[in-house]
Amino acid sequence: MTAQNKSSAVREKADKYTEFVSSGFGKDLAKRLGLPQPAILRRYSPAAPLVDGPILVVGQGAGADAVARALLSWHQDVRRHATPKEKLGAVVAVLDELAHPEELSAPMLTVGAVLRDLHKNARVVSISRPATTADTPAVAAARNGVDGIVRSLAKELRAGATANGVLLANDIAADSPSAMASLRFFLSGRSAFVDGQFLTASTAGSTESVSTESVPTESVSAESVSAESGSAEAVDWEKPLAGNVAVVTGAARGIGAAIARTLSRDGATVIVVDVPAAGDHLAEVANDIAGTAMQLDITAENAGARILELAMERYGRLDVVVHNAGITRDKLLANMDAAKWNSVIAVNIASQLRMNEAFLANTDFATNGRIISVASTSGIAGNRGQTNYAASKAGVMGMVRATAPLLAVHGGTVNAVAPGFIETDMTAKIPFATREVARRLNSLQQGGKPSDVAEAIAFFAAPAAAGVTANVLRVCGQNLVGQ
Ligand code: NAI
């Protein structure tokens, strides 16, 4: 069965305005008044197809052929040339051989010619190489050009469609397992609220992740190729975390609870951590996912050691650590007091640094261990009243980049996810007008869901992302301002 004729993906309940403008009357009214027209986003469901329609692979080189073969091995309906008027679920532009900006013209005009034929919630994904100072100026210009294209195209696409890019660092192949895992994330409903962003694959990753062996080479150059010709993949994409033990801090509610549920859905056994005052909610989450509740203030000196102790005692292993717990104590710097400043730094960054020392010192964890921190777009763009919070979240990003080489020597990875406006109890308290503005000021014209942040974290935790480290991935619908 092809991706097209299977039933469509899950539509999660959107905010009231988005529901209204998705109805016949509301749609007409919004169009006439020139109001934002957010789409109901296609989010991940295990039963849903990867994309809603055929995937067009643009590019002439060996990399493009290899990516097409890998997509076939996932039983996708792949095209190497567009058929007039055929609706597409995704376009993948393989630009791994760019040597001069003039070479952007042919592939990008090909992409442009099919944009009117995209299904709702379609995906455009580039696969290219990051510009470095070792490149010639022309190569660097061409490679950096892709950055501008993806970020601009993300602002042009409508109806829930997104544009994102995979960057192949260190000369890895376009179809290397970590690049294909990143591509798969961007194609799927898991990345519904990720727009205008890049994931860098720095090493090829596990060779088990993508199996292309039995796909005949000639099939990829055909006008259209059968999805049935691919081989069965070696990776379990539905339960990628089966057998893994994960810990999630701040998991009693909000984004942390969503992360715990998503990791559990993906097969992990989850230890959920929160302060004793949140004990009841924490127990509920733990019961729902058959995990373990751990009442712990993460600012405790021995928090890392205690987490390790519990994981080892109960399960004999720890594979994934998600640093999600965080607080805000907003004040303009002119009105800031020491308690507000220090508590935010203590919870949001100092605790993570201390816990990571314990995790890295434990060879059982460090060997292939995964650390994922929740940052914030406030730490990237800044936010009025949040100098303390932005210091902590920008600090998280610095910590992640500097921790990556320390973990890489053992085979582990560390990444951060930076959410933008996410619909939680916290953001529900923002006054209506301010909330409406904050939620619409992104390319998808709506707030994200806790599950959107959780999906990005689950991607970084999965074995297929073994070569993806030191990334800061924004989950913000391409927010225009910090949050
Ligand atoms: P929340 O306030 O709903 O949940 C945070 C959880 O962390 C709570 O259950 C709290 O009890 C726990 N926690 C706080 N201090 C702790 C400590 N010392 N030890 C153990 N647990 C502790 O917050 P939300 O919205 O779910 O945010 C989760 C993360 O996402 C935070 O790091 C936040 O900064 C970040 N974030 C949230 C955004 C949003 O729009 N909601 C946007 C950007 C980032």
Side-chain angles (χ1 to χ4, degrees), residues 15 193-194 247-262 271-286 293-304 306-307 321-330 340 342-352 354-355 372-383 386 388-397 399-400 416-430 434-435 438-439 441-442 446-454 456-457 472-477 479 481-483:
D15 65 84
F193 199 58
V194 181
V247 63
V248 182
T249 67
R253 66 180 198 196
I255 294 172
I259 296 167
R261 291 181 206 283
T262 302
I271 299 169
V272 288
V273 173
D274 213 301
V275 290
D280 288 350
H281 287 302
L282 189 67
E284 272 174 40
V285 176
M294 182 184 196
Q295 295 186 7
L296 171 72
D297 184 332
I298 55 159
T299 60
E301 283 289 329
N302 62 352
R306 286 183 56 192
I307 288 171
V321 170
V322 182
H323 292 301
N324 161 79
I327 58 169
T328 50
R329 297 288 183 269
D330 295 358
K340 284 197 171 58
N342 293 340
S343 58
V344 167
I345 299 295
V347 175
N348 294 7
I349 177 67
S351 69
Q352 292 193 23
R354 200 164 37 237
M355 283 188 277
I372 306 116
S373 286
V374 180
S376 166
T377 49
S378 280
I380 298 169
N383 207 14
Q386 291 199 322
N388 52 351
Y389 183 73
S392 72
K393 294 299 188 181
V396 162
M397 298 174 213
M399 174 193 74
V400 160
V417 170
F421 183 94
I422 304 296
E423 306 280 1
T424 62
D425 292 347
M426 186 181 93
T427 48
K429 286 183 193 131
I430 300 172
T434 318
R435 187 170 75 231
R439 144 199 286 168
L441 269 186
N442 64 60
Q446 59 195 288
K449 307 256 180 206
S451 63
D452 295 324
V453 181
I457 285 169
V472 175
L473 182 68
R474 291 175 63 154
V475 179
C476 66
N479 208 338
V481 289
Q483 198 278 317

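These numbers come from a predicted model, not from an experiment. As a basis for the values below, the full set of heavy atoms in this structure was taken, side chains included, without hydrogen atoms, waters or symmetry mates. Counting convention: from 1, in listed order, for ligands and their atoms alike. For the single chain, residues carry numbers from 1 onward in sequence order.
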Backbone N or O of [Y] within a donor-acceptor pair of the [X] side chain at under 3.5 Å?
X      : Y      : result
Asn324 : Gly250 : yes
Ser351 : Val347 : yes
Asp274 : Met294 : no

Would you check the N or O atoms of [X], main chain and side chain alike, for any that come under 3.5 Å of an N or O of ligand 1?
X      : answer
Ile298 : yes
Asp274 : yes
Pro419 : no
Asp297 : yes
Asn324 : yes
Val374 : no

I'd like to check which ligand 1 atoms, numbered from 1 as shown, lie under 4.0 Å from a non-hydrogen atom of [X].
X      : answer
Gly254 : 26 (O)
Tyr389 : 33 (C), 34 (O), 35 (C), 36 (N), 43 (C), 44 (C)
Ile327 : 14 (C), 15 (N)

Open item on the list: Tell me which one of Lys449, Gln446, Arg439 satisfies side-chain hydrogen bond (donor to acceptor under 3.5 Å, both in side chains) with Glu423.
Closed with: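 Among Lys449, Gln446, Arg439, the one that satisfies the side-chain hydrogen bond (donor to acceptor under 3.5 Å, both in side chains) with Glu423 is Arg439.
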Task: Reported OG-to-CE distance for the pair Ser373 and Met355, which is rounded to 0.5 angstrom - done: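 One gets 8.5 Å once the value is rounded to the nearest 0.5 Å.
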Answer with yes or no whether [X] contacts ligand 1, where contact means a heavy atom under 4.0 Å from a ligand atom.
X      : value
Leu296 : yes
Ala257 : no
Ala258 : no
Thr424 : yes

Under-4.0 Å heavy-atom contact with ligand 1, by part of [X] that carries it:
X      : answer
Ala375 : backbone
Ile255 : both
His281 : neither
Val275 : both

- [ ] Establish, from distance only, whether the side-chain atoms of Thr328 and Gln386 form a donor-acceptor pair under 3.5 Å.
- [x]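 Distance-only check fails for Thr328 and Gln386.
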Task: Heavy-atom pair with the smallest gap, counting every atom of Thr249 and Ala325 - done: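 Closest approach of Thr249 to Ala325, heavy atoms only: OG1-N, 2.9 Å.
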Task: Contact summary for Gly254 and Pro450, nearest pair of heavy atoms - done: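 Heavy atoms only, the tightest pair is O-CB, 4.1 Å.
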TODO: Kindly determine whether Val273 and Val248 satisfy side-chain contact (heavy atoms from CB on, under 4.5 Å), including the steps that lead there.
DONE: CA-CA 6 Å; Val273 173; Val248 182; over 6 Å; no
Open item on the list: Counting only heavy atoms, tell me which of Gly256, Pro276, Gly326 gets closest to atom 5 (C) of ligand 1.
Closed with: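 Among Gly256, Pro276, Gly326, the closest heavy atom to atom 5 (C) of ligand 1 belongs to Gly326.
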TODO: Can you figure out which of Ala428, Ser378, Gly250 has its heavy atom closest to atom 7 (O) of ligand 1?
DONE: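 Minimum heavy-atom distance to atom 7 (O) of ligand 1 goes to Gly250.
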TODO: Tell me, please, which residues at least two apart from Arg261 pass salt bridge (Lys or Arg N to Asp or Glu O under 4.0 Å).
DONE: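 For Arg261, the residues satisfying salt bridge (Lys or Arg N to Asp or Glu O under 4.0 Å) (neighbours in sequence not counted) are Asp288.
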